[in-house]
Structure formats: C-alpha cells, structure tokens
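Because only heavy atoms are used, hydrogens play no part in the values below, and waters and symmetry mates are left out as well, while side chains stay in. In what follows, chains are A, B, ... by sequence order, proteins preceding strands, each numbered from 1.
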Number of protein chains: 2
Amino acid sequence: MHTNDVISSPSKGSKTKEKILKTSLKLFSTKGYASTTVRDIAGAMGIKQSALYNHFKSKDEILETLISDLTSSAIVTIFEDKDSQELYKQGKSVLMSIATIFKLLSFDAQNEALFKLLMQEIYRNERIREIYNEYFYQENVKKLSGLFFMMMQNDMIKSSDPLLLANEFFSPLFFYQMQVSLLKLDKKSTSSVVSLFEKHVDYFWDMIKIEKQTTLF
Amino acid sequence: MHTNDVISSPSKGSKTKEKILKTSLKLFSTKGYASTTVRDIAGAMGIKQSALYNHFKSKDEILETLISDLTSSAIVTIFEDKDSQELYKQGKSVLMSIATIFKLLSFDAQNEALFKLLMQEIYRNERIREIYNEYFYQENVKKLSGLFFMMMQNDMIKSSDPLLLANEFFSPLFFYQMQVSLLKLDKKSTSSVVSLFEKHVDYFWDMIKIEKQTTLF
DNA sequence: GTCTATAATGCGATAGAC
DNA sequence: GTCTATCGCATTATAGAC
C-alpha cells in the first residue's frame, strides 16, 4: 500500500523536510509568519529548534519554499488542463465545475491553509502578490474571458464585455471562499455561504444565457 | 482656522495620543502588527520608545484602540443614514452611490490603511473578525437585501432571492477594493480595476431591471 | 541528523531623573 | 510628558558533542 496523499508536494526532499513544511504551513496559516517562531515549528514536530537548520538555512527559506509550492497548488490552477478551446461548448456546466473547485478548496486542509497563508501574507510579501496576481487572478480571469468570448460567438450567452463578465464571475467565488475560511476559524456554520457557490452559478447563468425563443406554433 | 481633518477620530485624547494612533495605523497596515515594533512607532514620531507608555499601557492597547475606531469608520458604514425605507425608489442610482463609496474608500489614506489593517489581521484577531462580519458584511448585506426586496415589490427589478442578490452585488465591490489596495502597494496602475466599480453597477442593473415594455403603438 | 549550549540581537515594558 | 538606562525574556542562528 502506498501513501494516500492526494497532493504530493513538488518540493521533494527528506521525510523530515516534508514534515517541516507541512507543520510550518499549518502554523504560518494560523498565527501568521511573523508570529510563528522556529521553536513553535520544532515543538509541534517534537524536535529541537536547532535541528531545523539541517534542512533549511533560515526561517525565511521555509516560507520561500512554501510560496514556491503555491505556484503548482490547486489554488492557482482552477481550470483543468483540458482543451480550453472546446470547453465553452459545455456551457453552464463549465462554470459550475469551476465553482465546485473553489468550493472544495476550502475543505481540503492543505489547500485551505495555503489560501489562508496567501491572504495573510499578501500585503507583506511581494512574491506572494506576484503569484496571486499572475497565476491566480490574471490567469483565471483571462481564461474565463476567453470562455465567455467563445460563448458569445456561438450565441450561447448575450453579447457584452467578456473581461467584465470574467471579473463578475470570479470575484464572488473568491469572496465566498474567504468567507468560508473566516467562518471555519470561529467554528461557525458555513452551510449558507457554501450554498452561495452554486447559487452564484445558477444566478449568473440565468442572467447571461440567451433565452431559447419559444416558437409560436 | 481650525484643523482640516476630514475625519476626526472618535478616540479623543491628547495631540500625541492622536499622533501615536495615526503613526501606528500607518505602520501596522504596512508591515503588519507583529512585525511593527514600538521602537518603529516612536522612531517615526521622533520620540523615544518609552514615551509611548505615557499614553498607552501596551502595544496591544494601541491596536485595540484602532480596532475600536474601526467600528465608526467609513469602511463599515457604506450606507448613509438616510431613510433606508425610501432609498429603493432611487433605483440604480442608490447602487451607484454605494459603489462610489467603495471606490473612494481606496483613495482616502486613512480608510485605505484601515482596510489594509483589517485584511492583514482578520485571520489573527477575533475582534476584527467580529467587526468585519457584524458591522461590515452582515449589516450591509442585510440592508442591500431589504433594498432589493422593496425593488421587487415595486416591480423595479426581477423577482428572485434578495439575499443572493445582495451577496452578488456586494462581493465584487469588496474584491475590487482589495485589488486596488494590492495594486497600489506595488505602485501599479489601478485605472482598469477602478473602472470596474461602475461597470459592475451598470452590468448588475441591466441584469436585474425589468425591461420597460415597448408599447405596440 | 539531532542534541545541548550559547551567542548575538531585538523585543516589550519599567524605573527614575529631569 | 519625555528622557536615559536597564531589566527580563524571546528571538534567530551557530558550534560542536554524540
């Protein structure tokens, strides 16, 4: 039986190195990078603080490694690698699957931690901002934009500004995800917010779709 | 000539106390609370660190005071105190003025700093989460919800779920405001995002409004 | 690769002169 | 109300035994 990790971290290394990264992500995403000490990390692992320096040369290097991992995480790759050119044909269901990916992100501990890390450090860490903006925001809005453009060309949705549509579709998903992560922090119920993911798609599609003309006879 | 401060802080006190709060907000919102030292604050004011303790008993008390100020800041009071019951009659223009308030928030240094402070500490400070959730999110979504409900009752907009509509209207505004604050951090152009505030309202209203029936003759 | 011990620095906060 | 001086403690990081 092999290990059942859904996501294998791209920063390969020793078993302890992996554990340091995992533990650090958990602590950084909870207490914030600045408020997490290397003693906290080592303590949570049951080793001494100095032992960490056999695997990373500084606390900062741990964060940098985690940020690098962010690039290839599920957070930034909302679209599957399917043939993007043909995706539009699926219509509403593409949008629904994107919303579902957003929704599920909050319920995978690893991805939730990455999201929280991103949110907490984005104002202080320029590299995080770059990754967020380039790989997460720009990339996805661009793809959505192309999707909507194709749908317009094929008379599936009403004609308008594809880029605006992409932003209008993307931003509530991001916001709802943030809401979920905040509610979970206080152990509050997330069900009403979670239902908004699907409602968003339903509402959004109803607004943009082209009504089937009811034939007169 | 009196001082020309647009917003007078509700935490009254001596001139230095005001200056400490102002300086702290600036630094907290830039470097984060944990990474800002009392020496940083004092240094930026040109006084010694120990002098701060004549005005606040701890670094934490400074943050707590700033958080208390948040409650009465422009960030959390998107709606003017006008008669909320009659607001709906203005139709689209109410929505536009709300979007404008959001937009302008980013261009008042004080409010922008408060927003950044909120975003940076919301995952670590339960009181900030409470204020955000209660006074900023819930309050405004509730008011928006009532607004949309009245509009539906009066056949101004299509009938649907008012609460969903409120969330769909609110979330892009929040997201765009975050985008603006991030872009400004890297001194990038914000014009394309800023234009989204108005475009959002235009698009949103077009989707929900009830088309005027063109009379046949 | 982990341990103990320790260096070197920075932190928040206090005491007391002025 | 600000200053100098200092305390006590926590921090990151290193050195060297095992």
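The interatomic distance linking B/His55 (NE2) with C/dA13 (P) rounds to 15 Å, in whole Å. Rounded to an integer number of Å, the gap from B/Asp60 CG to C/dA13 C1' is 13 Å. Residue A/Glu61 contributes atom CD, which lies 13 Å from atom C1' of D/dA13 at whole-angstrom precision. Remark: C1' of D/dT11 and CD of A/Gln49 are 9 Å apart, rounded to the nearest angstrom. The CG atom of A/Leu63 sits 13 Å away from the P atom of D/dT12 (whole-angstrom rounding). At whole-Å resolution of the value, CD1 in A/Ile62 and P in D/dA13 are 9 Å apart. Whole-Å rounding puts the B/Lys57 NZ to D/dG1 P distance at 18 Å. Distance OH (A/Tyr33) to C1' (D/dT11): 12 Å, rounded to an integer number of Å.
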**OP:** Please report the C-alpha distance between B/Phe102 and B/Phe175 in whole Å, then the side-chain angles of each, then the deciding distance to 0.1 Å, and finally whether the ring-ring contact (aromatic ring centres under 6.0 Å, His included) criterion is met.
**Re:** CA-CA 10 Å; B/Phe102 262 97; B/Phe175 181 79; over 10 Å; no

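Counting atom types as modelled, B/Arg39 pairs no side-chain N or O with a base atom of C/dG10 as donor and acceptor under 3.5 Å. For D/dT12, its base never sits under 3.5 Å from the side chain of A/Ser58 at any donor and acceptor pair.
Put simply, B/Lys48 has no side-chain N or O that comes within less than 4.0 Å of OP1 or OP2 on D/dC3. Distances shorter than 4.0 Å separate none of the side-chain N or O atoms of A/Tyr53 from OP1 or OP2 on D/dT14.
A donor-acceptor pair under 3.5 Å links the side-chain atoms of A/Ser73 to the main chain of A/Leu70, judged by distance alone.
Residues meeting the side-chain hydrogen bond (donor to acceptor under 3.5 Å, both in side chains) test with A/Lys199, sequence neighbours left out: none.
Side-chain proximity of A/Ser50 to the nucleotides C/dA15, D/dT14, C/dG12 is greatest for D/dT14. For A/Thr37, the listed nucleotide lying nearest its side chain is D/dT12; candidates were C/dG12, C/dC3, D/dT12.
Across all strands shown, B/Ser35 has no heavy atoms under 4.0 Å from either base or sugar-phosphate atoms.
For the atom pair B/Leu173 CG and B/Lys103 NZ, the distance stands at 11.0 Å (nearest 0.5 Å).
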Side-chain donor-acceptor contacts of residues 33-44 of chain A below 3.5 Å, not counting sequence neighbours, with atom names and distances?
from: A/Tyr33; atom 1: OH; to: A/Asp60; atom 2: N; distance (Å): 3.2
from: A/Tyr33; atom 1: OH; to: A/Asp60; atom 2: OD1; distance (Å): 3.3
from: A/Thr36; atom 1: OG1; to: A/Leu27; atom 2: O; distance (Å): 3.4
from: A/Thr36; atom 1: OG1; to: A/Gly32; atom 2: O; distance (Å): 2.7
from: A/Thr37; atom 1: OG1; to: A/Arg39; atom 2: N; distance (Å): 3.3
from: A/Thr37; atom 1: OG1; to: A/Asp40; atom 2: N; distance (Å): 3.0
from: A/Thr37; atom 1: OG1; to: A/Asp40; atom 2: OD1; distance (Å): 3.4
from: A/Thr37; atom 1: OG1; to: A/Asp40; atom 2: OD2; distance (Å): 3.3
from: A/Asp40; atom 1: OD2; to: A/Lys31; atom 2: NZ; distance (Å): 2.9
from: A/Asp40; atom 1: OD2; to: A/Thr37; atom 2: N; distance (Å): 3.0

